[in-house]
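So the structure is just underneath, and the comments pick up after that.
Below, chains carry the letters A, B, ... as their sequence lines are ordered, and counting in each starts from 1.
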Amino acid sequence: MSGAQELAASIRSGVQSAVAVADASFGAINERDDEIHAFLHLTKQRAQIQAQAVDDAVANGNDPGPLAGVPIAIKDNMCTRGEPTTCSSKILEGWRPPYDATVIGRLEAAGAVIVGKTNLDEFAMGSSTENSAFGPTRNPHDTTRVPGGSSGGSAAAVAADFVPLSLGSDTGGSIRQPAALCGVVGVKPTYGAVSRYGLIAFASSLDQIGPFAQNVTDAALCFDVISGHDPMDATSIPNPLTPTLPTVNDGVAGMRIGLVDELMGEGIDDDVIARTNQAAEALTAAGATVERVSIPATIYGLAAYYLIAPAEASSNLARFDGVRYGQRVEGQNVAAMNVATRSAGFGDEVKRRIMLGTYALSSGYYDAYYGKAQRVRTLIANEFATAYESFDLLLSPTSPSTAFEIGAKSDPMALYMCDVCTIPSNLAGHPAMSVPFGVGDDGLPVGVQILAPMLEEARMFKAAKALEDAAKGMS
Amino acid sequence: MSELPEQGQRVGTLETDNSKTVEGVLPEGWEMVIGLEVHVELATTTKLFCGCANNFGDEPNTNICPTCLGLPGSLPVPNKQAIEFAMTLGRALNCTVLPSIFARKNYFYPDMPKDFQTTQFEEPTNAEGFVQLPNGRSVGIERAHIEEDTGKSTHLGGGGRIHDATATLVDYNRAGVPLVEIVSHPVMHDAETARAYVAELRDILLATGVSDARMEEGSMRVDANVSVRPIGNDELRTRCEVKNINSLRSLGRAINYEARRHVDLWTNGEEPKQETRHWDEDGGRSTSGRSKEDADDYRYFACPDLPPLTPTAEDIAAIDAALPALPAARRSALAAAAGVEIADTTLTVERGLDMLVIGAIQAGADATVAMKHADQNLSDGQGQLTLESFAALVVMEVDGLLSSTQVKTVLGELVANGGAPGDIASSMGFEAMDTTELASLLDGIIATSPDEWARFLEGDRKVQGHFVGQIMKATQGKADGKVVNQLMTQRANQG
Ligand SMILES: [Zn+2]
């Protein structure tokens, strides 16, 4: 399947029909998803209706939009009206939301065809997509390996060429890390650039929806479609955003790029460090100046994150109480029903984080845990701000390693370490993205991370495109 | 004007001497310490965080959407009108309006869709104000913060409470309705002051229009924190929070009952348990509810879905500029214009007659007479009565052109249909009675009632009514009772 931009162009010009493209997508899924398990649910009827509407628009001489007929997969923590939306949790099994997330409406208004809902770590808590109540997703590059997570299904769907585009959500790296492990582009936009309305919250102050794509241009195209102010989300940025697609090929000449010291040492595999250094050289060759920069507070990011995110999650996930929707396990009274429902409905990792977060917010512990974590968060944002006085962008590895074996990381702490490079951007609210850049010693994809200041997605995409071009030259 | 039955016992008749009201409720040497938490539903068009209608009494579960149902993925967006109403109320309560933060109060309850309540904790919108009572005292307000209401549960079976219900029905129309919780300092020491405070709050809410403040419909809900202590002692002893108080009358009864219960416990060497108690109006007692000792840890934290509210100085100035005249200021203005005590202006202000009375006084009407009519003869408001005709009528009365009975009749007509008092008096045949005519009438009555007249001469003033009544009967009420009294005194002095 070709890239999103090419597909949309050929559909808009009538070279191929949206219905045929959707069929091809479902055909590819049908052929290989038993093995990969990227999807939890296919939205065939909805896709059929939307593809037909796009074809009708073309036939009538109307513009079906920049994503005309482009098949897209959606992480199953975004609400789709009338279609199952499970967060890969038994507690939401059978629930069909009565409304669409804002991003769903924007995608369909731009002509995109939603083909299905993808697997994730339950409630987006995890880095391997092994914590799904409906079974793990496998990495299309090596099916004994994980695709990363939590948006593993969406990353795998693009890597397996089921769809040219998908949406994930990124709370601590859940788009960028699986993008790196699956060898695709993954973007975590500025907090507030993309509406969270209809995204089932994990950690509200960190969650952000973003695209996966097979190339940087398609990622920019999709970002431009889904971003922009939404009156339904009070944290949505009110100002109009600069489109990123028009400048994606502008290059990096004259840009100052900082290679983050703290993310280039201990805990990061040598082959990943080597690829990241090569990426720095490639950017230099393309006209940027690259220097090392120290951002000391980033090393506290992981600790702060594992207090803030579970704290917010403990509150966000309270509503899954068996009263109004989803699974209910009866009990002698309301409280007993709540306990029975939550005990049966949530998986271990979710329970672990709810307990962690509940503890962090408890009276007597709040200041020492949640309060201190919030101060670390401010510190990280301040240090980033200082760095951005001297640099236009920052560079680091995305993931400490390439894709690991399914079942290899049974210790939760080992899994938490997967997000060490990605978490600081979530804490600061800044945009960051992962771009494939060569392979590791095991032949599996390596991703490098480009970090940008608030709302500088356009600049970030320029550097990503330059790296993509350089990577093509290497192979 | 008021839907509360307690209106006649309102603040104007309050005993201002604290010790006197406590007497008879608590044994000597004890005093109450009362703080009130008053929840007020704001009369906004839509709910606090979504676009659903804020309508009391609609068919259950018709004003609902993903946000107020707390559906997964839904998000709150603050309602500008609710924020403005809350700030208006804050300014009316003499509070400082501050930058504020919405927080989540986490606990599980089936009528609370998200299993947390969005409220304000450490940084409320309104802080430190006061309410000036008609008796001149003021009650300090700690804070007036914004929060969302829960749904409404109806427990079926058992005693109508959740723990013994066989089933519970929940109406989410109320979920997400904007509330302001007004928290007083624990500075009240008798039930009457607590009632006066709540009555005053209600008048402020009605004056500002931010709430319809109906206790019986639950749009104004009062919880009382009650403790007792030996007089002369500053300590705050264990308090109980009494809930389910549905009227001003219940408030007074509940406070007095609870305080008495505490004194009994302390004097028996026991200590009240800190707990929430349920007022039983029919039984006239409070019953134990949830103990505060095993209360939830609410794990408050700033709601990450809602940016801080940061009103500018201009926003606050605009709120201030739009504030209507409030009851306390109106009472002061009336007291100054009429030359009376502030406590004597309560009824007139409450009836909304203060501008009428002040205007009439400025137009030359006698203040005492104008105030008398406002208190005694205008209980249903001024109707069609204009300031000019009211002033003219009072002047006619003072000049003795109409008897007080005639004035009442003309006033009734003016309220009902309007018009000029002189014209109405003429059309009703109310000409002022000639004094000589009255004197000869009196002579006739003295002649037919020699015994009564003898008793009057001996100083028995009780028989005065006999003569006045006879004259009124003879003149069909046209005579002025005061003039008759004067004539009787003159005649008696003449021997
Ligand atoms: Zn609603």
Pairs of heavy atoms under 4.5 Å with chain A: top-ranked of B/Val170, B/Thr168, B/Asn106: B/Asn106
Nearest heavy-atom neighbours spanning B/Phe108 and A/Ala318: CE2-O, 3.2 Å
Winner by heavy-atom pair count (cut-off under 4.5 Å) against chain B, out of A/Val323, A/Asp321, A/Val334: A/Asp321
Over 12 foreign heavy atoms within 6.0 Å of CD, A/Glu330: yes
Kindly list each side-chain donor-acceptor pair under 3.5 angstrom involving residues 48-56 of chain B, sequence neighbours excluded, with atom names and distances?
{"from": "B/Asn54", "atom 1": "ND2", "to": "B/Leu42", "atom 2": "O", "distance (Å)": "2.9"}
{"from": "B/Asn54", "atom 1": "ND2", "to": "B/Thr44", "atom 2": "O", "distance (Å)": "3.2"}
{"from": "B/Asn54", "atom 1": "ND2", "to": "B/Thr44", "atom 2": "OG1", "distance (Å)": "3.1"}
{"from": "B/Asn55", "atom 1": "ND2", "to": "B/Asp58", "atom 2": "OD2", "distance (Å)": "3.3"}

Pairs of heavy atoms under 4.5 Å with chain A: top-ranked of B/Leu71, B/Asp305, B/Thr67: B/Asp305
Atom of B/Pro304, atom of A/Thr235 and distance for their closest heavy-atom approach: O-CG2, 3.6 Å
For B/Arg104 against A/Glu312, the heavy-atom pair lying closest together: NH1-O, 4.2 Å
Side-chain donor or acceptor of A/Tyr99 paired with backbone N/O of B/Ser74 under 3.5 Å: yes
B/Lys152 atom NZ, neighbour heavy-atom count above 12 within 6.0 Å: no
Heavy-atom side-chain proximity of A/Arg196 to B/Leu75 below 4.5 angstrom: yes
Heavy-atom proximity to chain B below 4.5 Å, by part of A/Tyr197: both
Structural part of A/Asn316 lying under 4.5 Å from a heavy atom of chain B: both
Region of A/Tyr365 in contact with chain B, defined by heavy-atom distances below 4.5 Å: neither
A/Arg81, CZ atom: more than 12 neighbouring heavy atoms under 6.0 Å: no
Side chain A/Arg319, main chain B/Asp115, donor-acceptor under 3.5 Å: no
Minimum heavy-atom distance B/Gly70-A/Tyr325, with the two atoms named: O-OH, 3.4 Å
A/Gln332 CD: over 12 foreign heavy atoms closer than 6.0 Å: no
B/Asp297 side chain to A/Ser363 backbone, donor-acceptor under 3.5 Å: yes
Where A/Pro231 and B/Val77 come nearest, the two heavy atoms and their spacing: O-CG2, 3.3 Å
Exam field: side chain A/Arg324 to backbone B/Pro113, donor-acceptor pair closer than 3.5 Å: yes
Proximity breakdown for A/Tyr359 and chain B, heavy-atom pairs closer than 4.5 Å: neither
Distance (rounded to the nearest 0.5 Å) between B/Arg299 CZ and A/Ser314 OG: 5.5 Å
Contact check, side chains of A/Tyr366 and B/Phe301, non-hydrogen atoms, under 4.5 Å: yes
Chain B contact via A/Asp233 - which portion, at a heavy-atom distance below 4.5 Å: both
Residue A/Thr358 versus chain B: region with a heavy atom under 4.5 Å: both
